[in-house]
Amino acid sequence: MRIAPGPSGPLHIGHSRVAILNDEYVKRYDGVLINRLEDTNPEKIDPDAYDMIPEDLEWLDVKVHSTVRQSERFHLYYDTTRKLIEMGKAFVCICPGDSLKDLKAEMRGCPCRELTVEENLERFDRLLSNHYSEGEAVAVIKTDIAHPNPALRDFVALRIVEHPHPRTGDKFNVYPMMNLSVAVDDHLMGMTHVIRGKDHLNNTHRQEYIYDYMGWERPRFYHYGLVNIPDTVLKTSLIRQSIKEGDYSGWDDVRTGTLRALQRRGITPDAIRRYWIEGGIKSVDMQFSWENLFSMNRDVIDDASNRYFYVPSPQTLRFHGIDRVESHAPLHPDHPERGERHIIIREGDDVLLSPEDMALLQGSGMVRLKDLCNIELQDGAHYAGTDLSVLKKGVKVVQWVDQGSAPMEILMPDGSISSGRVERALMAEKGDTVQLERFGFVRLHHHGDKVSAVFAHR
RNA sequence: GCUCCUGUAGUGUAGUGGCCAAUCAUCUCGCCCUUUCGAGGCGACGACCCGGGUUCGAAUCCCGGCAGGAGCACCA
């Protein structure tokens, strides 16, 4: 099986579907997966993508057995085209511009279509020897010019592009169209099964003409339904533009749907895999749900994510009413063996609350500082015992930090920053993701002795 | 316009003629547990696009509507 990305940029969540589905079948049936970089349009190649795509696949835990670049296989596409011309199944068209298109709509072939094999072979040789320039000549595969489906009437196989290729420079100027190169490669690489999106349905039919002309055995084709991914910037060209303008920080900007962005946010490959496997390969169009993906991710990371308190936009209260009080909170409520966070608050220390929780305290007069004690609003925070039964009477539990807490900035999915303070203990956290209680799961990023975070989901 | 694909709860899925007054997950809402609005437990809400036909029996097969999507490129 294979995945066949065009190297125009890094992979995004949409690309991950075809990668995971193919990978999953290969793993289940002990097959072979080829990553075939379809770099046959020099105008749409980002040289960096040659490295980014394999990196993205590796992160996704997609096992690629070998990687090939179509730009190294042009001779194969030329050979097959020559054979098709010899069989009278292809021709070289030198009609101007749109006439081929117009004639197709009228179910009529262009004059070149009726040329003899010898004349076409002559033209083909001229095509390959720089006789024509861009737009002057194309090699066309004959199908049925009167096919009821206009999408299947004669299609272009080779065309001239005068644009340097990042890998082959100006060595070639005759480039294959995907239907030619895909059919040739899928056959030569021994594809038994092809899974791809429904948008390729007509391409499959076009490629089947080549299979049948050449007497090749067709692979089994499967076309999954299209997916609509809402509220997400996926288009590579738009992202590139925004990066260039300095609006996005890079390919991993959290406002985009690239795999790099999801990785940065702490969305796991496991969750992405589960999501696409649940969707399956049936050809019904689907609506992508971030909610469902986040739910799966929560399921994956919850157990490993230790708990900490985070207080956004902290407001200070002076604590008094008792000499000292200690808090003992587990790093993870389901895993007491991991240890606990331990803080001592003394008379005169500061405790910090979020504006919302401060309002709660002002409104009700009392809150529970989680894992510490109750406080009343009375010239600051006045110790009010440790009796938990007040919770039954409606006293709310809130997160808090002490004066020894560390400043923290959290990058939110909309690109904004939530700044506040976290427990000092988080600075020693070794895990990748943590749950800031009542705030959400975040991925930690360590730089030196500083820590920042990127919001994943609630 | 032409051609093709597809229609199960808000979302995603199971279901291939009787075990379906339809599965599971998510979302939303209750309750229990919990010093988190997390996790766990219990419960509620909520769907077979419509109309014909075949059949003793249809979500499942057939036909016709309707709806959504894709393609009709010298992009992939």
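Heavy atoms only: backbone and side chains are in, while hydrogens, waters and symmetry mates are out. A note on names: the letters A, B, ... follow the listed sequences, proteins ahead of strands, and every chain is numbered from 1. Quick caveat, the model's predicted, so the values are computed rather than measured.
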With the side chain of A:D302 defined as its heavy atoms from C-beta on, choose the nearest nucleotide among B:rC74, B:rA39, B:rC5.
B:rA39
For the rings on A:Y175 and A:F74, is their centre-to-centre separation under 6.0 Å?
yes
Distance in angstrom units between A:N203 CG and B:rC74 C1', rounded
15 Å
Rounded to the Å, how far apart are A:R307 CZ and B:rU34 C1'?
12 Å
Donor-acceptor pair under 3.5 Å, A:Q435 side chain vs B:rU36 base
yes
Side chain of A:E291: nearest nucleotide among B:rU35, B:rA70, B:rU26?
B:rU26
Taking the six-membered ring for Trp and the single ring otherwise, decide whether the centroids of A:F455 and A:F439 are under 6.0 Å apart.
yes
Picking from B:rU36, B:rA39, B:rC74, the nucleotide nearest the side-chain atoms of A:V397 would be B:rU36
Which one, B:rC74, B:rU35, B:rG12, comes nearest to the side chain of A:L391?
B:rU35
If I pick the P atom on B:rU28 and the same atom on B:rC37, what distance separates them, to the nearest angstrom?
14 Å
Checking contacts here: which listed nucleotide (B:rC5, B:rU35, B:rA39) is nearest the side-chain heavy atoms of A:L201?
B:rC5
Ring center gap for A:Y275 and A:F288 short of 6.0 angstrom:
yes
Using whole Å, report how far CG of A:D144 lies from P of B:rC2.
18 Å
Presence of donor-acceptor pair under 3.5 Å, side chain of A:D285 and base of B:rU6
no
Return the nearest nucleotide to the side chain of A:R368; candidates are B:rA14, B:rC37, B:rU35.
B:rU35
Just checking A:G135: base, sugar-phosphate only, or nothing, at a heavy-atom cut-off of under 4.0 Å?
base
Taking only the C1' atom of each, what is the distance from B:rG40 to B:rG46 in whole angstrom?
24 Å
Assign each of A:D199 and A:R153 to its nearest nucleotide of RNA chain B by heavy atoms, then name whichever residue's nucleotide is nearer the 5' end.
A:R153
Rounded to the Å, how far apart are A:L158 CG and B:rA73 P?
18 Å
Checking contacts here: which listed nucleotide (B:rG38, B:rU13, B:rG12) is nearest the side-chain heavy atoms of A:Q287?
B:rG12
Let me spell it out: for each of A:A151 and A:K198, pick the nucleotide of RNA chain B with the closest heavy atom. Which residue's pick is nearer the 5' end?
A:K198
Nearest heavy-atom pair of A:L152 and A:N202: which atoms, and what distance?
CD2-O, 3.5 Å
If I take atom CG in residue A:L100 and atom C1' in nucleotide B:rC72, what distance separates them, rounded to the nearest angstrom?
13 Å
Tell me the interatomic distance from A:Y224, atom OH, to B:rU6, atom P, rounded to whole angstroms.
16 Å
Please tell me if the side chains of A:Y224 and A:K282 come closer than 4.5 Å, counting only heavy atoms from C-beta onward.
no
Side-chain atoms of A:R438 come closest, of B:rU36, B:rA76, B:rA73, to B:rU36
When the P atoms of B:rC56 and B:rC50 are compared, how many Å lie between them, rounded to an integer?
24 Å
In terms of ring plane angle, is the pair A:Y211 and A:W216 parallel, tilted or perpendicular, where the classes change at 30° and 60°?
perpendicular
Can you check the distance between B:rA44 and B:rG69, where both ends of the measurement are the P atom (answer in whole Å)?
36 Å
